[in-house]
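Right, one structure below, let's go through it.
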Amino acid sequence: MKVIQHKSELSKLTAEAKDNGATIGFVPTMGALHEGHLSLIRQALAESDLVVVSIFVNPTQFDKPEDLDKYPVNQQEDIKKLQTLDKNLIVFTPFTREIYENGLETEEFDLGAVADKMEGKFRKGHFDGVATVLKKLFDIVHPDKAFFGEKDYQQLLIVKKLVTLLQLPITVIGCSISRQKGGLARSSRNRRLDKRQQKEALLLYHSLQRAGEQYDKKSIRSLKDEIEEDFKNHPDLKLDYFEIVDAATLDSVDQIENNKKYRAFIAAYIDGVRLIDNLALN
Ligand code: AMP
């Protein structure tokens, strides 16, 4: 495993590997690595000759400065975890000034209606920040395949849109959600929760499961009302949104049709820590 800090060195290395016929897989992360990240990296290693994992906390995708300040950083520990994986791994740990040479500017992209809902609505500018950094990282790494978690399903659709928009020769691959025992989706933010809070946070997953059991048995409106009510009755949890949507467009639905795929999405705060999760319903 190699750790590289400078983008010119990384670009040179991936270009040489590609000249030699290697396929490059790319897994962008913000560090504080957990089993969810490692599952993406294992899939990337299985489907590519050489894998680049970036560890970069991207300032432009945070809508709240305090969220950026509190984001867990532990590069030493991250690198130790990656050392257990494979020797065909390159870890890219750039400084912010090397990625944002001209200051922290966010580029605006026409990401379409998918970007305006849920996370786009509740975290203004978030997806433009994500797209800004990914455009830069793709331009450094030149991957053949890029791996993203379904944990951030809306982001996954947006990355696919970005790649089409920029006409990049990259296949975007979605990877399934890794969960803790009990069902809580793994997240770097879980580190900010103690045992009691993690137990309470299970209401997110349980709400999604309930949607999976009931979405075609009762009206979507009453299902949403019941879940919103559950959160109102819980003093430590604050619901941002619970939505049942068309999995392709992310449009909210109030009636289920045959031959369509649906997904439930949830975002809530527990004692100030914001968690998101989603589940395929059919
Ligand atoms: P992050 O470091 O949070 O930006 O995440 C980096 C990548 O890991 C993104 O593609 C996430 O969707 C993915 N990821 C994060 N948590 C999970 C999880 N629990 N299961 C699967 N993928 C995940």
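All of these numbers come straight from a predicted model, not from anything done at the bench. Any value given below was found using the heavy atoms of this structure, including those in side chains, with hydrogens, waters and symmetry copies removed. Both counts, for ligands and for their atoms, begin at 1 and track the order of listing.
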query = For ligand 1, which atoms have a heavy atom of Ile177 less than 4.0 angstrom away?
reply = 20 (N), 21 (C)
ask   = How about Phe62 and Tyr71: are their ring centroids closer than 6.0 Å?
value = yes
key: Protein residue, atom and distance nearest to atom 3 (O) of ligand 1, heavy-atom basis   = Tyr71 OH, 3.8 Å
request  = Starting from atom 1 (P) of ligand 1, locate the nearest protein heavy atom and write down its residue, its atom name and how far away it is, to 0.1 Å.
outcome  = His37 NE2, 3.6 Å
query = Between Gln155, Arg186, Arg189, which one has a non-hydrogen atom sitting closest to atom 19 (N) of ligand 1?
reply = Arg186
message = Is it the case that over 12 heavy atoms from other parts of the model lie below 6.0 angstrom from the NZ atom of Lys195?
response = no
task = Please identify which atoms of ligand 1 are closer than 4.0 Å to at least one heavy atom of Phe148.
result = 10 (O)
remark   = Nearest non-hydrogen protein atom to atom 12 (O) of ligand 1, with distance, is Asp152 OD2, 2.6 Å
ask   = If you measure only the distance, is there a donor-acceptor pair under 3.5 Å linking the side chains of Tyr100 and Thr60?
value = yes
note = the protein heavy atom lying closest to atom 15 (C) of ligand 1 turns out to be His34 CE1, 4.0 Å
task = Find out whether Phe92 and Leu137 are in side-chain contact, i.e. whether some heavy atom of one side chain is under 4.5 Å from a heavy atom of the other.
result = yes
query = Same cluster or not: are Ile140 and Leu104 linked, directly or through other Ile, Leu, Val, Met, Phe, Trp or Tyr residues, by side-chain heavy atoms under 4.5 angstrom apart?
reply = yes
task = Would you please classify the geometry between the Phe122 ring and the Tyr241 ring as parallel, tilted or perpendicular, with 30° and 60° separating the classes?
result = tilted
request  = Starting from the C-alpha separation in whole Å, work towards a yes-or-no answer on side-chain contact (heavy atoms from CB on, under 4.5 Å) for Asn20 and Asp49.
outcome  = CA-CA 11 Å; Asn20 291 328; Asp49 299 313; over 6 Å; no
query = Is it the case that one hydrophobic cluster holds both Leu237 and Tyr269, taking links as side-chain heavy atoms less than 4.5 Å apart, direct or via other members?
reply = no
task = Go through ligand 1 atom by atom and flag the ones less than 4.0 Å from a non-hydrogen atom of Thr29.
result = 2 (O), 6 (C)
task = Determine, using heavy atoms of Ser176 and all atoms of ligand 1, whether some pair is separated by less than 4.0 Å.
result = yes
query = Taking atom 23 (C) of ligand 1 as the point of reference, which of Glu35, Lys151, Gln43, Met30 owns the nearest heavy atom?
reply = Lys151
note = When distances are taken from atom 6 (C) of ligand 1, the protein heavy atom at minimum range is Pro28 O, 3.4 Å
task = Distance to 0.1 Å, residue and atom name: give those for the protein heavy atom nearest to atom 10 (O) of ligand 1.
result = Gly149 N, 2.9 Å
query = Hey, is Arg179 one of the residues with a heavy atom under 4.0 angstrom from ligand 1?
reply = no
query = Between Tyr205 (side chain) and Asp277 (backbone), is there a donor-acceptor pair under 3.5 Å?
reply = no
query = When you measure from atom 20 (N) of ligand 1 to every protein heavy atom, which one gives the shortest distance, and what is it?
reply = Ser178 N, 2.8 Å
note = min-distance protein heavy atom vs atom 22 (N) of ligand 1 -> Leu40 CD1, 3.3 Å
Leu203-Leu208 co-clustered via ILVMFWY side chain contacts under 4.5 Å = yes
